Amino acid sequence: MPDLFSQLWSDYTVRTVALGSGILGIVSGALGGFAMLRKQSLLGDAISHAALPGIAIAFLLTLSKSPLVLVLGAALSGWLGTLLIISVTRTTRIKEDSALGLVLSVFFGFGLVLLTFIQRQPYASKAGLDKFLFGQAAALLQSDIWIMSILGIIILLIVALFWKEFKLLSFNPEYAASLGLPVRFLDILLTSLLVIAIVIGLQTVGVVLMSAMVVAPAAAARQWTDRLGKMILLSSLFGAIAGISGAFLSSTLERLPTGPTIVICMSLLVLISLLFATNRGLIWRWLKERKNRQKLQVDAVLSDLYILAQQHENIEHSHPIEVLRTMSIGHGGVDRTLKELQKERMVDQKEDGTWRLTRQGFEKAKNMSEKGENL
Amino acid sequence: MSQAQIEIQLIAIVVSVACALPGVFLMLRRMAMMSDAISHAILLGIVLAFFVTQNLSSPLLVIGAALTGVLTVVLVELLHRTRLVREDAAIGLIFPLLFSLGVILISRYAGNIHLDIDAVLLGELAFAPFDRLMVFGRDIGPKSLYLMLGILFLNICFIGIFFKELKLVSFDSGLAMALGFSPTLIHYSLMSLVSVTAVGAFDAVGSILVVALMIGPPVSAYLLTDRLSILLLLSSGIGIIASVSGYWMANLMDSSIAGSMATMVGFLFLLIYLFAPNKGLVSLARRRRRQKIQFALEMLLVHILNHQGKPEAQRECHVGHLSEHLYWDKDLSRQVLKQGEREDYLQRQDDYLFLTPEGQDIAEKSMLR
């Protein structure tokens with residue numbers, strides 16, 4: 001295994017792709033966390049689609065394919081799309097989901113028009129423009145990695161710098177406004193960071209799958225913790241793990257495109273988190289519920305036996321299991337519960353198979369019922 | 001116009017109406033992004049069904065692929081119901097996964113199938129007329145035209161028959177449930193319809209632009225009317241205009257037809273967003289401006305009423321006072337005075353303001369309010 005790893009690492013393309021995907025995972029994971037808390041999970045989808053015309057226009061204006069130029073164009077049009085979504089939802093009765101869908105598809109359509117237009121021009125050294133559609137991680141260069149890391153570090157630094165403000169903005173913007181924070185500015189700043197994070201990922205995973213890079217790591221991280229700091233760290237970590245493992249996987253198997261492979265890895269992480277996360281996870285929740293149910297059953301059987309004991313002069317009087325079953329309609333599990341109580345020496349079984357409380361059990365049941373009366 | 005051009009436009013028109021009709025309900029039910037999810041996820045269904053049928057316009061493929069669309073809805077619902085993620089995040093988790101599976105399948109078995117992701121995502125309407133439907137050896141037109149006509153017919157029937165139920169569920173799903181209609185059933189029927197439409201339309205316009213045709217026209221029409229039946233008609237109309245004008249724009253620019261159609265959808269929306277009566281930005285701005293002047297005028301009338309005939313009237317009822325003490329800019333003062341004189345509430349003598357009897361009346365009334 002380490003052999004395979006070092007072999008992969010020494011391969012220039014694989015290393016570049018893995019680094020790029022890892023950086024992308026870290027950055028989009030961190031900002032995705034904020035996006036999720038601000039109920040903007042699908043904004044990433046819209047931004048990545050809306051970036052397409054910007055890429056085409058940047059190319060038409062400069063005739064250069066330098067990633068920095070294209071990223072700038074993409075960011076501008078992604079940003080414009082976001083502003084349009086916000087202004088449409090603010091000024092009309094159109095809901096956010098419709099505004100998202102509209103901007104996403106219209107911008108993308110316009111981008112497509114421009115792309116096909118470019119492809120039919122004579123000067124078109126256009127090869128490489130359409131890699132933005134589905135991403136072409138293999139075409140990443142060392143220089144792209146540099147740009148990605150610098151932008152990524154800037155983004156993360158800004159997040160760290162405005163940590164407190166962004167936290168407040170995500171959880172309680174009204175309160176933030178009442179404290180006199182420039183909410184409008186912070187809102188735009190955070191959204192702009194998201195736009196840049198998305199735009200630097202387009203080349204790796206493409207327009208269509210970029211939304212998963214924003215939503216999935218955050219959704220996975222959310223299951224493990226209730227603290228923002230931990231969540232953002234985890235989200236970045238998950239993003240990086242999925243990015244790097246996806247990149248490695250796609251390089252070991254033939255004809256396995258990088259972007260989709262990363263998304264599959266990411267989805268696996270989400271699935272694991274949904275199932276196994278402590279406290280929130282489905283399995284954890286199921287175990288907890290089972291434990292609670294059993295405890296309720298134990299209490300119910302004890303109190304049934306107590307009621308029976310009170311109805312007879314002698315608390316030593318024992319009762320057939322059928323009586324208890326009849327009394328326990330609605331909660332069930334009498335047989336198992338009695339076994340458990342027997343282990344704890346709260347009840348015992350006579351030779352004829354009937355059940356009664358022990359002294360210890362009687363005291364506990366009495367205690368319980370008195371407490372119940374006091375409540 | 002050549003026959004192929006006419007046929008392409010016919011297909012475009014049918015597709016746009018077929019998309020706009022269920023789109024109206026998607027928009028009203030706030031599920032617009034579900035169309036995005038479905039239209040992406042059906043890629044997986046199309047690939048799988050294509051392995052079986054080997055034919056892109058087979059009705060079996062449409063059904064198989066539409067099932068993936070419904071599967072998407074079910075998965076999103078299941079995920080949402082765990083209460084671990086919000087609904088929009090659930091959408092954002094499910095469809096990229098299904099889409100990725102589709103893309104991986106295509107590239108793994110690309111050698112064996114004639115299916116191009118670009119074609120599925122972006123569509124190529126120009127090729128639609130080449131695939132002819134032959135009945136008894138006679139050519140009766142392009143296959144996809146008939147496929148889409150069938151889907152349009154299905155949509156019209158469904159909406160026609162369940163109009164009342166759809167309306168109720170869209171506007172008040174709580175009441176619908178209380179009255180014994182099942183919002184869930186209606187929800188899944190609508191989503192199946194959306195899936196079938198998206199699958200049928202994908203090879204004409206591509207899956208991303210299905211979203212443009214489903215959401216764009218209803219959103220635009222929503223700014224023009226408050227009635228559901230008119231909304232449906234207007235959406236279809238806007239869809240038709242966008243698709244036909246989009247086709248000609250593509251012709252002119254020699255670019256993607258589907259992209260141009262989406263661009264026209266956006267252009268029409270922008271026009272309506274700006275200029276719609278009542279709800280457009282321009283009319284909104286004008287209304288705000290009018291209300292501002294009206295309010296300022298009323299304030300001025302009350303102000304004059306308070307000071308008229310008092311010792312300070314000399315100072316308080318002077319035109320210059322407006323900018324000095326009320327902090328109105330010149331423009332606003334001029335407009336307010338103009339409005340006041342036009343409506344005959346105010347009179348001006350040597351830059352001093354007096355109330356007319358009507359003005360006095362208005363001022364007293366607004367004091368009582």
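What you see is a predicted model; the values in this text were computed from it and never measured. Chain naming here is simple, since letters A, B, ... match the order of the sequence lines and numbering starts at 1 in each.
Heavy-atom distances place the side chain of B/F95, and not its backbone, under 4.5 Å from chain A. Neither the backbone nor the side chain of A/S273 comes within contact range of chain B; no heavy atoms are under 4.5 Å apart. For B/L84, the parts lying under 4.5 angstrom from a heavy atom of chain A are both the backbone and the side chain. Looking at A/I262, there are no atoms closer than 4.5 Å to chain B (heavy atoms on both sides), in backbone or side chain. In this structure, chain A has a heavy atom under 4.5 Å from the side chain of B/L79, while its backbone stays farther away. With a 4.5 angstrom heavy-atom cutoff, B/M31 touches chain A only via backbone atoms. Heavy atoms of A/V88 lying under 4.5 Å from chain B belong to its backbone as well as its side chain. Within the 4.5 angstrom heavy-atom criterion, atoms from both the backbone and the side chain of A/L100 approach chain B. Heavy atoms closer than 4.5 Å to chain A are found in both the backbone and the side chain of B/A89. Only the side chain of B/D36 has a heavy atom closer than 4.5 Å to any heavy atom of chain A. Contacts of B/Y222 with chain A are made by both backbone and side-chain atoms, with heavy-atom separations under 4.5 Å.
B/V219 and A/S98 get closest at one heavy-atom pair: CG2-CB, 3.6 Å. The heavy-atom pair separating B/A262 from A/S105 by the smallest distance is CB-O, 3.9 Å.
The backbone N or O of A/K95 sits nowhere less than 3.5 Å from a side-chain atom of B/R30 that would complete a donor-acceptor pair. No side-chain donor-acceptor contact under 3.5 Å links A/T116 to the backbone of B/S255.
Contacts with chain B were tallied for A/K39, A/M266, A/M36; A/K39 has the most, counting heavy-atom pairs under 4.5 Å. Most heavy-atom pairs under 4.5 Å with chain B, from the set A/T92, A/V214, A/V113, A/V106: that is A/V113. Chosen from A/G101, A/P257, A/A99, the residue pairing most often with chain B at heavy-atom distances under 4.5 Å is A/P257. Contact tally against chain A (heavy-atom pairs below 4.5 Å) for B/I215, B/L97, B/I257: the top residue is B/L97. Per-residue heavy-atom pair counts under 4.5 Å with chain B were compared for A/G44, A/S211, A/S87, and the maximum is reached by A/S87. Among B/I94, B/I104, B/V85, the residue making the largest number of heavy-atom pairs under 4.5 Å with chain A is B/I104. Note: B/D254 leads B/D254, B/T263, B/L93 in heavy-atom pairs under 4.5 Å with chain A. If you tally non-hydrogen atom pairs under 4.5 Å between each of B/A276, B/G266, B/S256 and chain A, the highest count goes to B/S256.
Separating the CG atom in B/L223 from the CD1 atom in A/I94 is a distance of 4.0 Å, to the nearest 0.5 Å. Within the model, atoms CG of B/L101 and CD1 of A/I264 stand 4.0 Å from one another, a figure rounded to the nearest 0.5 Å. For the atom pair NE2 of B/H40 and CG of A/D45, the computed distance is 6.5 Å after rounding to the nearest 0.5 Å. A/L256 contributes atom CG, which lies 6.0 Å from atom CZ of B/R108 (distance to the nearest 0.5 angstrom). One finds the CE atom of B/M33 at 8.0 Å from the CG atom of A/D97 (value rounded to the nearest 0.5 Å). Taking CZ of A/R280 as the reference point, atom CZ of B/R83 lies at 10.0 Å (rounded to 0.5 Å).
Around the CH2 atom of A/W224, the shell of radius 6.0 Å holds more than 12 heavy atoms that belong to other residues, nucleotides or ligands.
In this structure, the side chains of A/F108 and B/V211 stay at 4.5 Å or more apart for every pair of heavy atoms.
The pair A/R93-B/D226 meets the salt-bridge criterion, with a side-chain N (NZ, NE, NH1 or NH2) lying under 4.0 Å from an Asp/Glu carboxylate O.
Screening B/P96, B/S100, B/S107 for a side chain to side chain contact (heavy atoms under 4.5 Å, CB included) involving A/P260 leaves a single residue, B/S100.
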